[in-house]
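Written below as structure tokens is the structure these notes are about.
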Number of protein chains: 2
Amino acid sequence: MLPKITDRRSASLLVSAPAQALAGASADLDPLALSTGSDEATRRAPGHEGRDPFSRKLSTCVDLTAGDLRELERLAATGRRFPAQTPLLHQSDVPENAILVLDGFACRYKYLTNGRRQITAYLVPGDLFELDLDYRLPLDCALGTLTACRLAVLPRPDYEDLLRRRPRIARALQMMRLTEAAILREWITNLGSRSGPERLAHFLCEMLLRLRTTGLASDNQYSFPITQADLADTLGMSCVHINRVLQKLRRDGLIELSGRRLTILKPEGLKTLAEYDASYLEPAAIPLRPCVSDRPAA
Amino acid sequence: MLPKITDRRSASLLVSAPAQALAGASADLDPLALSTGSDEATRRAPGHEGRDPFSRKLSTCVDLTAGDLRELERLAATGRRFPAQTPLLHQSDVPENAILVLDGFACRYKYLTNGRRQITAYLVPGDLFELDLDYRLPLDCALGTLTACRLAVLPRPDYEDLLRRRPRIARALQMMRLTEAAILREWITNLGSRSGPERLAHFLCEMLLRLRTTGLASDNQYSFPITQADLADTLGMSCVHINRVLQKLRRDGLIELSGRRLTILKPEGLKTLAEYDASYLEPAAIPLRPCVSDRPAA
DNA sequence: CGCTCCGTTGAGTCCACTCAATTGGGGTGG
DNA sequence: CCACCCCAATTGAGTGGACTCAACGGAGCG
């Protein structure tokens, strides 16, 4: 009966006492969750623009300078480990840190009083949980880890400093915000207009493409250490029904899911089922076209 | 069988030939849709910060200067009328104009090949459909009117010019973007985790509060010229089911809906049913607290 | 060894959908 | 002025999908 993240009323991690979060963190990690993660992917990318997922992602739409990359590298080096299912920020907290996902999955979520939980966004490696600009606003969603994660915690002053000193990074982040909003709209469509199998297929396609931009999904397969209960909270279905829908996709030979690793056997079939059109993710994937702020001021 | 907006393949209005949109526009208006709209509300606001809904909305979080107000007033004066159910922009269009809603309801929506339409956002008077910053990106959603509307069409150069010359307006718009994202997350929660009646109740509560910020809903009632079919596309239900859920809310004495006007008889009851927490709309409703950019640079 | 968590399966129920048919109101044209 | 039409709202009947409530198997862990 109790939701997985049990202590909803305890003081949030990362709000005032980030050290507290670290206390019991490095201990009970799920080895599977990390074994195929970015640690590995990072090592095998020698000539790439950046080694950490964040600079990889930003590099897809902005040419980062050597200075930018060095900065991001330093940031990535501060990553700390957090166990799965850990609440990081509560709803109505006023966050004091930006949080960068280096490895594993985190999410935004809301609880309703009827006990249901709705996940409203996934944060995958390379995604940044941003402070809402410089406004000090309470969060409308909680934030927590789904799997074991490696996160870089960036205090507000440092975050603001980074944006000020690194205009290209700031620009790339603006782009990311557009993509984020597009993803939210896509999720609304998904929840409102698609059947169970279509919905799941769409979600799996999205994850594939998002993980690909940081090199975490080659060969149409990726590490997928997500609980079926979490999937249910993501897609607005019951846990039992998720199970049956998964089985249907397996039975139809579209996917294979075993050992916390997802393989998409028929990418085209899955895409067709989901009616998947990836263009909403493109802002993050295509290089910037000429735009106003690159021109000399009028 | 045909969706209400029938010609989906025709050239979008407002993309290259805005004059075309105006051609048959002013003719067949639904008088009811406008009679209780902002025309009336605007007239009865003599001492207010601004007379048009846009400056009203921005005034809730930023102190606009007299110059700002004059500018917005001029913008509002350019409003043109558009009939209900008019497509304005198609998916994958690259918009060349920002669009300000002065009166009536517009929406973002997507069509799926199975014929279903999902509405992903409502634009009510005071809302601005923004160009995605200065990036030239194709839209992930179509844009169209739901009811008869009065819209101000703001060409890209003018829009960019406005933001450049009016920092307070630009700042307020940033704030609005945060609220927009919060609304999207709230919709995801709504579609994923709430039952039919709860979902509808939540939507009606949100509309009430959003219309209140521009003075379009006093006394817990507002003009609501939305088709049940549109509601269905909004809330991910069938048209028939929407009808029955509406009847349930009426039977329970929570609302009254007649003559395209909605009255919320038991605001507390509706709020409780929807488990409605309005704090996600607050960024737009509370005055700015002290923030970084107001302080002298460090 | 036993515990717990996750995934799986079965049975029964109810909610939401589809397919129709009908009503009612507004506008139009004869 | 009335007849007609169109569209939105409403109602009924039947179906199927998704849910709940269980019970059970297996893997990992103390």
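Below, read A as the first sequence line, B as the second, and so on, with proteins coming before strands; counting in each chain starts at 1.
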statement: Residues passing the side chain to side chain donor-acceptor pair (under 3.5 Å) test with B/Arg116, sequence neighbours excluded, are none

- prompt: Which residues pass the side chain to side chain donor-acceptor pair (under 3.5 Å) test with B/Gln118, sequence neighbours left out?
  reply: A/Ser193

Rounded to whole Å, please give me the gap between [atom1] in [X] and [atom2] in [N].
X        : N      : atom1 : atom2 : result
A/Asp230 : C/dC5  : CG    : P     : 14 Å
B/Leu246 : D/dT11 : CG    : C1'   : 15 Å
B/Phe224 : D/dA9  : CZ    : P     : 10 Å
A/Gln85  : C/dC5  : CD    : P     : 11 Å
B/Leu235 : C/dC17 : CG    : P     : 11 Å
A/Leu262 : C/dG7  : CG    : P     : 13 Å
A/Leu231 : C/dG7  : CG    : C1'   : 12 Å
A/Lys248 : D/dG17 : NZ    : C1'   : 13 Å

statement: In short, salt bridge (Lys or Arg N to Asp or Glu O under 4.0 Å) pairs touching residues 243-253 of chain B with sequence neighbours left out are B/Lys248-B/Asp252

Would you tabulate the pairs of protein nitrogen or oxygen atoms and nucleotide nitrogen or oxygen atoms of nucleotides 9-16 of chain C closer than 3.5 angstrom?
residue, atom, partner, partner atom, Å
C/dT9, OP2, A/Gln247, OE1, 2.6
C/dT9, OP2, A/Gln247, NE2, 2.7
C/dG10, N7, A/Arg244, NH2, 2.5
C/dA16, OP2, B/His241, NE2, 3.4

query: For B/Arg116 and C/dC17, is the shortest distance between a side-chain N/O and OP1 or OP2 below 4.0 Å?
result: no

- prompt: Heavy-atom distance under 4.5 Å between the side chains of B/Gln247 and B/Leu257, does that happen here?
  reply: no

task: Identify, with sequence neighbours excluded, every residue that meets salt bridge (charged side-chain N to carboxylate O under 4.0 Å, His left out) alongside A/Arg194.
output: A/Glu186

- line: side chain to side chain contact (heavy atoms under 4.5 Å, CB included) filter on B/Thr272, not counting sequence neighbours, yields none

